[in-house]
Amino acid sequence: MNFSKKNHDFLKGNIKLMSKKLLSLVAISALLVGCSSSKQTTAAPAKPAMTVTDFAKTITAAELKEALYVYASDEFEGRDTGEPGQKKAIEFLKKHYVELSIPAALPNNDYYQEVPLERTAAPVVTLNVNGKDFKTVDNFVSFAGSNGTINTDEVVYVGYGIEDDNYSSYKDIDVSGKIVLFKNGEPKGKDGKYIISGTEESTGKWSNMREEFSSKSGIAKDKGAKAALYYNPDVYGMIAQRFGKGRTSMGLKSKEEKEDTMNFMLVNTSLAEAIVSDIATNEKSQVVKTPVTLNYKTNKEDFNSENVVAYIKGSEKPDEYIVISAHLDHVGMRDGKIYNGADDDGSGTVSLLEVAEAFKMAADNGQGPKRSVVFLHVTGEEKGLLGSRYYTDMDPIFPLENTVANLNIDMVGRTDPKRTEGDRNYIYLIGSDKLSTDLHNISEEVNKKYTNIELDYTYNDENDPNRFYYRSDHYNFAKNNVPIIFYFNGTHDDYHQHTDTPDKIEYDLLENRSRLIFHTAWELANRAERIVVDKATDSE
C-alpha cells in the first residue's frame with residue numbers, strides 16, 4: 001500500500017532529521033558555554049509525542065480503497081481455497097508485511113502457516129446382485145464406506161432391523177462380516193397394534209428418516225456387519241435427487257488414519273426386490289442366498305492451503321497476545337463468473353492490513369504495544385472455518401492460554417438493507433460480552449472516546465436464528481475460552497454473489513470501523529492488567 005508506506009518512511013525520516021538537529025544544537029550550545037560562561041543558550045524544543053489518535057488517522061478510506069480494488073479484482077479469481085487465486089492473495093498479504101518490515105510469526109521469516117486439507121468427492125461404488133449391475137443414483141445412494149471389495153454368496157435380511165426389549169430383528173441370526181438389508185418402519189401384531197408400543201400408535205423412534213437411518217445402521221454395525229442396505233421407498237427419490245451424485249466437501253486432513261467405516265447405502269425398490277422379492281410385506285429375518293459383489297473406492301485429494309501470520313512483539317509483556325483476524329478466502333468462480341468477495345471478506349482483510357500498519361508506525365515511533373499483537377489472515381473460512389480451526393485446535397503458533405483476546409473482522413464495508421432504523425455509521429458487535437465483562441466494557445468505552453459508532457447488538461442475542469456467533473473464525477477462539485469480538489455489517493443482496501464488488505463498499509464507514517478496531521486492540525495491548533475471563537465458554 002504505497003501511500004501508507006510513504007507516510008511510514010516520511011515519519012522515520014522526520015525522526016532521524018529531528019535527532020540530527022537536536023545533536024547539532026547540543027554541540028553548538030556546549031561550544032558556546034565553553035567559550036563564555038556569561039552567554040545563555042536555549043535548548044531546542046522537544047518534538048511532541050504522537051498520540052494513539054495520530055496513529056489511527058493513518059487508517060484512511062483512500063488506502064483501504066486502493067488495496068481492496070486490487071485484492072477483490074478479477075485477477076484474484078475469487079480467492080477459492082487452494083486455488084491459484086488464493087495463492088495470489090497470500091502473496092499480496094506477504095508483500096504488504098515485508099514492505100512494512102512487520103516480522104513473520106513463524107521461524108525462518110516464514111509468513112505462511114501451512115494448513116493440510118483434503119477434498120472429498122463422491123466415492124466410486126459398483127454393486128452387482130445375482131449377476132445384474134445396479135447403478136449409483138438410479139438404484140442406490142452411498143453414504144459411507146471403506147475402500148475395498150466385498151464378495152459374498154448371501155445377504156442377511158433382518159426385516160425392520162430393530163433391536164428392542166419387546167422385539168428383535170436379529171434373534172438367532174449372526175450378521176458378523178455380512179451384508180444386511182433392512183426396511184423402514186416398525187412391526188405390527190395381528191391385532192393391528194404396534195408390537196413395541198403395544199398400542200395403535202407407533203413409538204415414534206423411527207418416524208424420522210435421519211434417526212432411523214442412524215439408529216438401525218448403528219445396530220448393524222455394532223453386530224459386526226460389513227455393509228448395510230436400507231430400503232425406504234418413501235424417501236428414495238428425494239434423497240437420490242439431493243445427494244445421489246455426491247457433494248464435493250473440504251476438511252482438515254486428520255493426522256491419524258480413520259478406522260474402517262461400514263458401507264452404508266440407501267436402495268430403491270428394484271434393488272431391494274432383487275434380494276427379497278416380497279420385501280414390502282415380508283418381515284421375517286432370513287439368510288438369502290444370492291451372490292453380491294460390492295466395490296467401494298474413496299475419492300479424496302490431499303492439498304495444502306495457507307494462513308498468513310505476522311506480528312509485532314510486545315515491549316513489556318511479549319508473551320501475552322492480542323490476535324486480530326480476518327479470512328483471506330472467498331468462494332472462487334462459478335459458471336464462468338468471478339465471485340470477488342469485496343465485502344466478504346476483502347473488507348476485513350484490508351482493514352486488518354491498515355490496523356497492522358498503524359501499529360507498526362507506533363512501534364517505529366518508540367510507542368510499540370506492551371503486549372504482542374498478531375495479525376492473522378486465515379484460509380478456508382468459507383469451507384467451514386478450516387484455517388482458524390487449524391490454528392486453534394492443531395497448531396497454535398502462539399499459546400491460546402496466553403491469548404488475551406481475538407478481534408475478528410468479517411464483512412465490515414457495507415450496510416445492512418434490513419436495518420431500517422439507526423445511524424448508517426454503525427457496526428454489529430457479536431460476542432463481546434460472552435466470556436469477558438472487561439472486554440465488553442472496554443469496547444464500549446473506546447468507542448465513546450474515539451469513534452462514536454453506533455454499536456448494534458442485534459445479532460448478539462442468544463436466540464438469534466442466524467447463529468452468526470458460530471459462523472465466523474472468532475468462534476474457534478471462543479470455544480477455547482479466548483474472549484472475542486466479531487465485527488460485522490450484516491448480509492445484503494450481494495452476499496455470496498458475483499456482484500460483491502469493490503465499487504459497492506462504503507469506504508468512509510470502513511475507515512471508521514477499522515479505526516474502532518485499532519483503538520480497541522490498542523487498549524487491550526497496552527492496559528496494565530490483562531482482561532479477565534469471568535464467564536463460561538458457550539460451545540455447541
Side-chain angles (χ1 to χ4, degrees), residues 1 3-4 7 50-69 71-72 322 324-326 342-362 373 375 405 407-432 439-460 472 474 484-492 494 500 502-526:
M1 301 172 70
F3 179 82
S4 58
N7 270 349
M50 293 184 73
T51 67
V52 62
T53 303
D54 294 324
F55 302 129
K57 285 180 179 178
T58 66
I59 300 171
T60 67
E63 291 189 14
L64 289 160
K65 184 175 183 178
E66 180 186 351
L68 189 54
Y69 263 84
Y71 196 73
I322 311 299
I324 314 173
S325 60
D343 194 24
D344 184 16
D345 186 28
S347 62
T349 298
V350 297
S351 174
L352 179 50
L353 294 178
E354 284 287 284
V355 169
E357 185 175 346
F359 269 107
K360 184 62 166 66
M361 186 170 288
V373 180
F375 310 107
L407 306 181
N408 185 49
I409 320 168
D410 192 353
M411 298 178 63
V412 289
R414 297 276 296 269
T415 53
D416 184 351
K418 297 185 293 295
R419 189 178 184 274
T420 57
E421 297 181 3
D423 192 346
R424 69 180 283 271
N425 185 30
Y426 77 96
I427 191 70
Y428 291 125
L429 253 62
I430 302 173
S432 62
L439 179 60
H440 179 74
N441 292 340
I442 288 168
S443 171
E444 287 277 343
E445 292 163 6
V446 163
N447 179 55
K448 289 176 183 177
K449 184 175 181 179
Y450 295 108
T451 47
N452 198 31
I453 295 174
E454 182 181 343
L455 304 182
D456 189 327
Y457 295 98
T458 297
Y459 295 120
N460 196 51
S472 191
H474 59 275
I484 65 92
I485 300 178
F486 173 24
Y487 300 91
F488 177 54
N489 56 220
T491 58
H492 41 72
D494 299 308
D500 182 9
D503 57 295
K504 297 178 180 177
I505 298 297
E506 299 171 69
Y507 290 96
D508 60 332
L509 298 183
L510 181 55
E511 174 188 281
N512 208 24
R513 292 163 177 174
S514 300
R515 289 180 179 182
L516 169 63
I517 295 161
F518 169 72
H519 279 294
T520 305
W522 180 273
E523 175 62 25
L524 293 171
N526 288 292

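Of the possible donor and acceptor atoms, none in the side chain of D345 sits under 3.5 Å from a partner among the backbone N and O of A326. The backbone N or O of E63 sits nowhere less than 3.5 Å from a side-chain atom of Y507 that would complete a donor-acceptor pair. The closest donor-acceptor contact from the side chain of N447 to the backbone of L455 lies at 3.5 Å or more, if one exists at all. A side-chain donor-acceptor contact under 3.5 Å links E506 to the backbone of T415.
You'll find the side chain of I484 stays beyond 4.5 Å of the side chain of N408, heavy atoms only. Counting heavy atoms from C-beta on, the side chains of K65 and I505 never come closer than 4.5 Å. The closest side-chain heavy-atom distance from T58 to F518 is not below 4.5 Å. Proximity of M411 to H492: side-chain heavy atoms (C-beta onward) are separated by under 4.5 Å at one or more points. Residues V373 and V355 form no side-chain contact, since every pair of their non-hydrogen atoms from C-beta on lies 4.5 Å or further apart. For the pair N526 and V52, the minimum side-chain heavy-atom distance is 4.5 Å or more. Taking the side chain as every heavy atom from C-beta outward, T60 and E511 approach each other to under 4.5 Å.
By the ring pair (Phe, Tyr, Trp, His ring centres under 6.0 Å) test, Y450 is found to be paired with H519, residues two or more places apart in sequence or in another chain being considered. Applying the salt bridge (Lys or Arg N to Asp or Glu O under 4.0 Å) rule to D494 yields the partners R414, K504; only residues at least two apart in sequence or on another chain are considered.
How far CZ of R515 is from OG of S351: 11.5 Å, rounded to the nearest 0.5 Å. Residue D416 holds its CG atom at 8.5 Å from CG of D456, rounded to the nearest 0.5 Å. Going from atom OH of Y426 over to atom CG of N489 covers 5.0 Å, rounded to the nearest 0.5 Å.
Here E523 does not pair with K449 in a salt bridge; the nearest charged N to carboxylate O distance is not below 4.0 Å.
In this structure, the ring of Y457 has its center less than 6.0 angstrom from the ring center of H440.
Using cut-offs of 30° and 60° on the angle between ring planes, the pair F488 and F486 is parallel.
Side-chain contact of N512 with T451: a donor-acceptor pair under 3.5 Å is absent, judged by distance alone.
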